[in-house]
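The structure appears below as structure tokens.
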Amino acid sequence: MIRAAGGGRLRIVLLGGAEELRAAQLALTAFLRDQGAGPRTAARAELLLEELALNTLGHGFEGGGTPELPVTAWHDGARCGLDFEDRGAPFDPTTATVPDRPGSLRQARIGGLGVPLVRRTAAELTYERTADGRNRLHLVLPDEDASIG
């Protein structure tokens with residue numbers, strides 16, 4: 001489900017599925033571009049939406065519960081933000097252990113690159129586990145190319 005949330009915000013609720021995620025990415029990109037975000041910033045936001053949504057929906061509900069991931073996006077002219085909230089298993093990407101970089105391609109394993117990607121890309125990244133059992137992740141990206149648009 002995708003809808004404008006008012007006040008220059010876009011609200012997306014992901015329930016899973018590749019088609020739904022792709023529609024959300026397209027809506028996010030269109031929203032950010034309409035708000036004046038530059039193309040690189042919109043592409044980074046789209047990538048982070050994909051990474052965080054796939055990990056949350058794919059791993060956060062392995063112990064049960066209904067996979068649902070509300071995301072709110074915003075842009076203020078200089079920055080864009082994504083706010084994620086879910087009732088999945090607790091997971092704090094700001095403190096999660098990151099695997100060491102492999103010494104060679106042969107030593108490389110699939111996975112484990114999402115957390116470093118999010119940490120490198122976000123200018124601000126905060127996590128909270130609420131008293132009612134929700135994960136809240138807030139990230140902000142600088143819009144380094146808004147004037148290119």
Side-chain angles (χ1 to χ4, degrees), residues 1-5 7-102 105 108-130 134-146 148-149:
M1 169 180 24
I2 302 166
R3 66 177 186 263
R9 294 180 180 267
L10 175 71
R11 175 95 164 153
I12 300 168
V13 179
L14 294 164
L15 303 173
E19 288 180 23
E20 181 183 57
L21 177 57
R22 187 64 191 138
Q25 289 176 289
L26 292 171
L28 174 64
T29 298
F31 168 77
L32 290 173
R33 295 304 307 269
D34 287 348
Q35 296 294 310
R40 291 180 296 208
T41 301
R44 284 193 315 265
E46 183 180 322
L47 176 64
L48 292 178
L49 172 65
E50 178 179 1
E51 182 63 38
L52 291 165
L54 288 175
N55 281 332
T56 300
L57 295 169
H59 301 291
F61 297 90
E62 289 175 339
T66 302
E68 182 177 301
L69 179 61
V71 181
T72 303
W74 54 269
H75 185 269
D76 68 6
R79 305 171 308 150
C80 84
L82 296 172
D83 297 313
F84 296 82
E85 186 172 305
D86 67 81
R87 290 186 176 275
F91 181 75
D92 181 355
T94 67
T95 61
T97 302
V98 175
D100 293 331
R101 289 186 98 166
L105 186 57
R109 301 285 176 245
I110 293 175
L113 301 176
V115 169
L117 171 72
V118 171
R119 287 182 185 169
R120 271 194 323 271
T121 307
E124 295 175 31
L125 184 64
T126 59
Y127 169 83
E128 167 190 23
R129 181 70 177 183
T130 66
R134 294 175 189 261
N135 295 304
R136 286 192 182 143
L137 183 66
H138 170 77
L139 68 87
V140 176
L141 302 170
D143 192 346
E144 300 163 354
D145 59 359
I148 294 173

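Basis for what follows: all heavy atoms, side chains included, without hydrogens, waters or symmetry-related copies. Please read all numbers here as calculations on a predicted model, not as lab measurements.
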Minimal non-hydrogen separation, Phe84 against Leu139, with atom names:
CE1-CD2, 4.1 Å

Test side-chain contact (heavy atoms from CB on, under 4.5 Å) on Thr41 and Leu32; report intermediate values, then the result.
CA-CA 8 Å; Thr41 301; Leu32 290 173; 5.7 Å; no

Residues that Glu62 engages under side chain to side chain donor-acceptor pair (under 3.5 Å), provided they are two or more places apart:
His59

Spell out, as yes or no, whether a donor-acceptor pair under 3.5 Å connects the side chain of Arg44 to the backbone of Pro142.
yes

Rounding to 0.5 Å, atoms OG1 (Thr72) and CH2 (Trp74) come to a distance of 11.5 Å

Residues two or more places apart in sequence or in another chain: which of them pass side chain to side chain donor-acceptor pair (under 3.5 Å) with Arg129?
Asn135

Approximate separation, where rounding is to 0.5 Å, of Arg22 CZ and Glu50 CD
8.0 Å

Might you point out which heavy atoms bring Leu82 and Ala73 nearest each other, and give the distance in Å?
CD2-CB, 3.7 Å

Go through the steps to decide whether Leu47 and Leu117 satisfy the test side-chain contact (heavy atoms from CB on, under 4.5 Å), and finish with yes or no.
CA-CA 10 Å; Leu47 176 64; Leu117 171 72; 3.9 Å; yes

Under 4.5 Å between any side-chain heavy atoms of Asp143 and Cys80, yes or no?
no

Within a strict 4.5 Å, meaning less than it, do heavy atoms of the Leu52 and Val118 side chains meet?
yes

I want to check something: taking the side chain as every heavy atom from C-beta on, are Leu21 and Leu14 in contact at a cut-off of under 4.5 Å?
yes

What are the two closest non-hydrogen atoms of Pro39 and Arg33, and how far apart are they?
CB-NH1, 3.7 Å

Decide yes or no for Pro70 and Arg11: does some side-chain heavy atom of the first lie under 4.5 Å from some side-chain heavy atom of the second?
yes

Does the side chain of Phe61 reach to within under 4.5 Å of the side chain of Asp86, using non-hydrogen atoms?
yes

Are any of the side-chain heavy atoms of Arg87 and Glu68 separated by less than 4.5 Å?
no

Tell me, do Leu137 and Leu125 make a side-chain contact under 4.5 Å, heavy atoms counted?
yes

Atom OH in Tyr127, atom CZ in Arg136: separation rounded to 0.5 Å?
11.0 Å

Return the OG1 to CD distance between Thr29 and Gln25, rounded to the nearest 0.5 Å.
7.0 Å

For a 4.5 angstrom cut-off between non-hydrogen side-chain atoms, does Arg9 reach Asp83?
yes

Partner residues of Gln35 under the side chain to side chain donor-acceptor pair (under 3.5 Å) criterion, sequence neighbours left out
none

Nearest 0.5 Å, please: how far is NE2 in His75 from CG in Leu28?
11.0 Å

